[in-house]
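Step one of this worksheet: look at the structure below.
Nothing here was measured: the structure is a model prediction, and the numbers come from that model. Residues: numbered from 1 along the sequence shown. These values consider heavy atoms only, across backbone and side chains, with no hydrogens, waters or symmetry-generated copies.
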Amino acid sequence: ATILYNVYGRRLFAVGDVFYPSIWEMPRNIVDLSITKGFGKSLEIRLGIQDLLNAPVQLVQDSNRDAKITGIDERIMFFQRGTSVSLGLKSDF
């Protein structure tokens with residue numbers, strides 16, 4: 001079994017200009033899980049779950065152009081990507 005934990009930090013989504021402020025993707029936590037079980041020498045089952053927490057993606061615009069994201073800045077998009085599950089079977093017959 002493998003558990004992977006990652007935090008996507010605040011990162012620039014779109015560079016702003018004079019008319020439109022920059023847009024930032026806010027930090028979110030991601031957990032991936034992978035389990036592999038072998039049966040004998042020739043059969044293996046794999047289960048994978050990606051983005052187990054399904055943390056929301058938030059895009060925030062630096063509305064006041066102070067180069068800081070605070071409570072007064074505008075959230076322009078909010079969505080969840082969803083959790084992905086895969087199941088596989090491998091045999092060496």
Side-chain angles (χ1 to χ4, degrees):
T2 303
I3 297 176
L4 300 173
Y5 173 75
N6 194 8
V7 177
Y8 284 102
R10 189 179 87 166
R11 54 188 176 172
L12 188 60
F13 179 80
V15 176
D17 61 15
V18 175
F19 301 104
Y20 300 101
S22 295
I23 299 172
W24 293 87
E25 181 179 347
M26 300 310 291
R28 66 189 188 102
N29 300 310
I30 296 178
V31 174
D32 296 336
L33 174 66
S34 176
I35 300 171
T36 304
K37 174 68 176 159
F39 298 95
K41 293 182 180 181
S42 58
L43 186 62
E44 186 175 87
I45 295 178
R46 294 181 185 176
L47 172 68
I49 304 174
Q50 294 179 325
D51 202 357
L52 189 64
L53 301 176
N54 194 20
V57 175
Q58 297 183 65
L59 299 180
V60 178
Q61 192 169 37
D62 184 15
S63 304
N64 60 357
R65 300 173 192 257
D66 66 351
K68 298 175 187 169
I69 300 298
T70 61
I72 61 173
D73 292 314
E74 183 180 5
R75 183 170 77 176
I76 60 170
M77 191 176 292
F78 178 88
F79 63 93
Q80 291 177 282
R81 295 183 188 269
T83 299
S84 174
V85 178
S86 64
L87 183 63
L89 180 63
K90 177 183 171 187
S91 94
D92 294 329
F93 290 118

*Output, in order, the C-alpha distance, side-chain angles, deciding distance and verdict of side-chain contact (heavy atoms from CB on, under 4.5 Å) for Asn64 and Asp73.*
CA-CA 7 Å; Asn64 60 357; Asp73 292 314; 3.0 Å; yes
*Go through the steps for Ile30 and Leu52 under the test side-chain contact (heavy atoms from CB on, under 4.5 Å), then give the verdict.*
CA-CA 7 Å; Ile30 296 178; Leu52 189 64; over 6 Å; no
*Please lay out, stage by stage, how Val57 and Gln80 fare under the test side-chain contact (heavy atoms from CB on, under 4.5 Å).*
CA-CA 6 Å; Val57 175; Gln80 291 177 282; over 6 Å; no
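The closest side-chain heavy-atom distance from Ile69 to Met26 is below 4.5 Å. For the pair Val31/Ile3, a side-chain contact is recorded, criterion being any heavy-atom separation below 4.5 Å from C-beta on. Taking 4.5 Å as the limit, every side-chain heavy atom of Leu53 sits out of range of all side-chain heavy atoms of Thr83. A 4.5 Å side-chain heavy-atom check between Asp92 and Lys41 finds every atom pair outside the cut-off.
Between Leu12 and Ile23 the shortest heavy-atom distance is CD1-O, 3.6 Å. What you find for Gly16 and Ser22 is that their closest heavy atoms are N-OG, 3.0 Å. Contact between Phe19 and Asp17 at its shortest, heavy atoms only, is N-OD1, 2.9 Å.
Taken to the nearest 0.5 Å, the CG atom of Leu87 stands 10.0 Å off from the CD1 atom of Ile49. From Asn54, atom CG reaches atom OG of Ser84 across 11.0 Å, with rounding to the nearest 0.5 Å. Interatomic distance, CG of Leu59 versus CD of Glu25, reported as 6.0 Å (0.5 Å rounding). Rounding to the nearest 0.5 angstrom, the gap separating the CD1 atom in Ile35 from the CZ atom in Arg46 is 13.0 Å. Considering CH2 of Trp24 and CG of Asp62, their distance stands at 8.5 Å, rounded to 0.5 Å. To the nearest 0.5 Å, the span separating CD on Gln61 from CD on Glu74 amounts to 5.5 Å.
Here the side chain of Arg28 pairs no donor or acceptor atom with the backbone of Gln58 at under 3.5 angstrom. With hydrogens and angles ignored, the 3.5 Å screen pairs no side-chain donor or acceptor of Gln50 with any backbone N or O of Asp32.
Hydrophobic clustering, with ILVMFWY side chains joined whenever heavy atoms are under 4.5 angstrom apart, keeps Leu33 apart from Leu4.
Other residues, nucleotides and ligands contribute only 12 or fewer heavy atoms inside 6.0 Å of the OH atom of Tyr20.
Both tests hold for Arg75 against Phe78: distance to the six-membered ring centre under 6.0 Å, angle to the ring axis within 45°.
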